[in-house]
Amino acid sequence: MRNEIRSRIEDRGLMIARGREAQASLYPQSSIVASPGFTLLELVMVMTIIVVLAAVGVTSYQHIQSKARETILKEDLRTMRKMIDQYAADKEKLPQSLDDLVSAGYMRDVPQDPISGEKDWVVDMGEDTVSRDGGTGVVDVHSAAAGEGSDGLAYKDY
């Protein structure tokens, strides 16, 4: 019984194989369709998807980069303001410039503005209320960069 079933399966398999050969000889282009590979349409679709993903990645990277610059700017301003206060408390007078903070050892160097790329800080001079002698000194520091941050606030107002 098993041999009989096995021979029937083999006969059917042979007939199917012969049918495919006959079909391939009648329709020669069908053998091309069955060949492995990608069509031009598939390649174009994949390339389009890659370009869209790359564009999204580039814009995200630029946004992250600008947010990082803003964060560095805020941190630099906070540090310089803290150093001005420490200088005033220690020396009992306000510094006359940011270079006074460097020469007194409160900062190693005046930091570079991350937005403009230069050391072009705007210092607010005001009345020295800390000193017994009076006078003026650096009260606050701001960025000289034009434009506004992602929060809608101008860089000079940070």
Side-chain angles (χ1 to χ4, degrees), residues 16-17 20-21 23-158:
I16 291 172
R20 286 185 187 156
E21 290 171 7
Q23 183 182 12
S25 64
L26 289 175
Y27 305 106
Q29 69 272 18
S30 66
S31 62
I32 294 172
V33 172
S35 68
F38 299 106
T39 65
L40 182 60
L41 180 62
E42 291 170 333
L43 292 174
V44 167
M45 293 300 292
V46 168
M47 292 303 292
T48 303
I49 291 169
I50 290 172
V51 167
V52 167
L53 290 175
V56 168
V58 167
T59 56
S60 295
Y61 177 73
Q62 289 173 343
H63 178 70
I64 289 170
Q65 209 172 26
S66 67
K67 287 289 281 183
R69 283 193 192 113
E70 290 175 19
T71 303
I72 292 169
L73 173 64
K74 289 176 183 179
E75 183 63 28
D76 286 348
L77 288 170
R78 185 172 6 151
T79 301
M80 285 190 288
R81 289 171 179 150
K82 183 178 175 184
M83 293 301 116
I84 291 169
D85 292 341
Q86 285 182 354
Y87 182 95
D90 292 347
K91 306 282 186 182
E92 294 182 355
K93 66 177 185 174
L94 290 173
Q96 298 302 307
S97 68
L98 293 177
D99 292 327
D100 287 351
L101 296 173
V102 174
S103 62
Y106 288 89
M107 293 189 308
R108 288 186 187 194
D109 194 16
V110 176
Q112 190 178 43
D113 187 339
I115 306 299
S116 67
E118 297 181 19
K119 297 179 182 182
D120 56 350
W121 301 101
V122 176
V123 292
D124 289 345
M125 302 298 279
E127 183 182 339
D128 191 352
T129 58
V130 179
S131 174
R132 294 179 198 158
D133 301 333
T136 61
V138 176
V139 179
D140 201 2
V141 63
H142 300 282
S143 175
E148 57 184 37
S150 59
D151 56 358
L153 194 61
Y155 293 128
K156 64 180 180 171
D157 294 334
Y158 279 175

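Numbering starts at 1 and runs along the sequence shown.
Here the CG atom belonging to Asp128 is positioned 8.5 Å from the CG atom belonging to Asp133, to the nearest 0.5 angstrom. Put simply, CZ on Arg78 and NZ on Lys74 are 9.5 Å apart, with the number rounded to the nearest 0.5 Å. Separating the OG atom in Ser103 from the CD atom in Gln96 is a distance of 11.0 Å, to the nearest 0.5 Å. In this structure, Glu148 CD and Glu70 CD are separated by 10.0 Å, a value rounded to the nearest 0.5 Å. Rounded to the nearest 0.5 angstrom, Lys119 NZ and Asp109 CG are separated by 3.5 Å. Once rounded to the nearest 0.5 Å, the distance linking CH2 of Trp121 with OG of Ser97 reads 15.0 Å.
The pair Asp100-Lys91 does not count as a salt bridge, with every side-chain nitrogen at least 4.0 angstrom from each carboxylate oxygen.
When all heavy atoms of Leu101 and Met83 are compared, the closest pair comes out as CD2-O, 3.6 Å. Smallest separation of non-hydrogen atoms from Lys67 and Ser150: CD-OG, 3.4 Å. In terms of heavy atoms, Val102 sits closest to Arg108 at CG1-O, 3.5 Å. When all heavy atoms of Leu94 and Gly137 are compared, the closest pair comes out as CB-CA, 3.8 Å. Of all non-hydrogen atoms in Val139 and Ile84, the two that sit nearest each other are O-CG2, 4.4 Å. Tyr155 and Ala145 get closest at one heavy-atom pair: CB-O, 3.8 Å.
A donor-acceptor contact closer than 3.5 angstrom is absent between the side chains of Tyr158 and Asp76. Counted by atom type alone, Tyr106 and Asp90 present one or more donor-acceptor pairs between their side chains at under 3.5 Å. Side-chain contact of Ser143 with Asp113: a donor-acceptor pair under 3.5 Å is present, judged by distance alone. Side chains of Asp124 and His142: a donor on one and an acceptor on the other come within 3.5 Å.
Residues Val130 and Lys93 fail the side-chain proximity criterion, which asks for heavy atoms closer than 4.5 Å. Taking 4.5 Å as the limit, some side-chain heavy atom of Leu98 sits within range of a side-chain heavy atom of Val141. At least one side-chain heavy atom of Val44 sits under 4.5 Å from a side-chain heavy atom of Thr48. At a threshold of 4.5 Å between non-hydrogen side-chain atoms, the residues Glu92 and Ser131 do not count as touching.
Open room surrounds CE on Met45; 12 or fewer heavy atoms of other groups in view lie less than 6.0 Å from it.
Checked by atom type and distance alone, the side chain of Gln62 never pairs as donor or acceptor with a backbone atom of Thr59 at under 3.5 Å.
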Please report the C-alpha distance between Asp140 and Val123 in whole Å, then the side-chain angles of each, then the deciding distance to 0.1 Å, and finally whether the side chain to side chain contact (heavy atoms under 4.5 Å, CB included) criterion is met.
CA-CA 6 Å; Asp140 201 2; Val123 292; over 6 Å; no

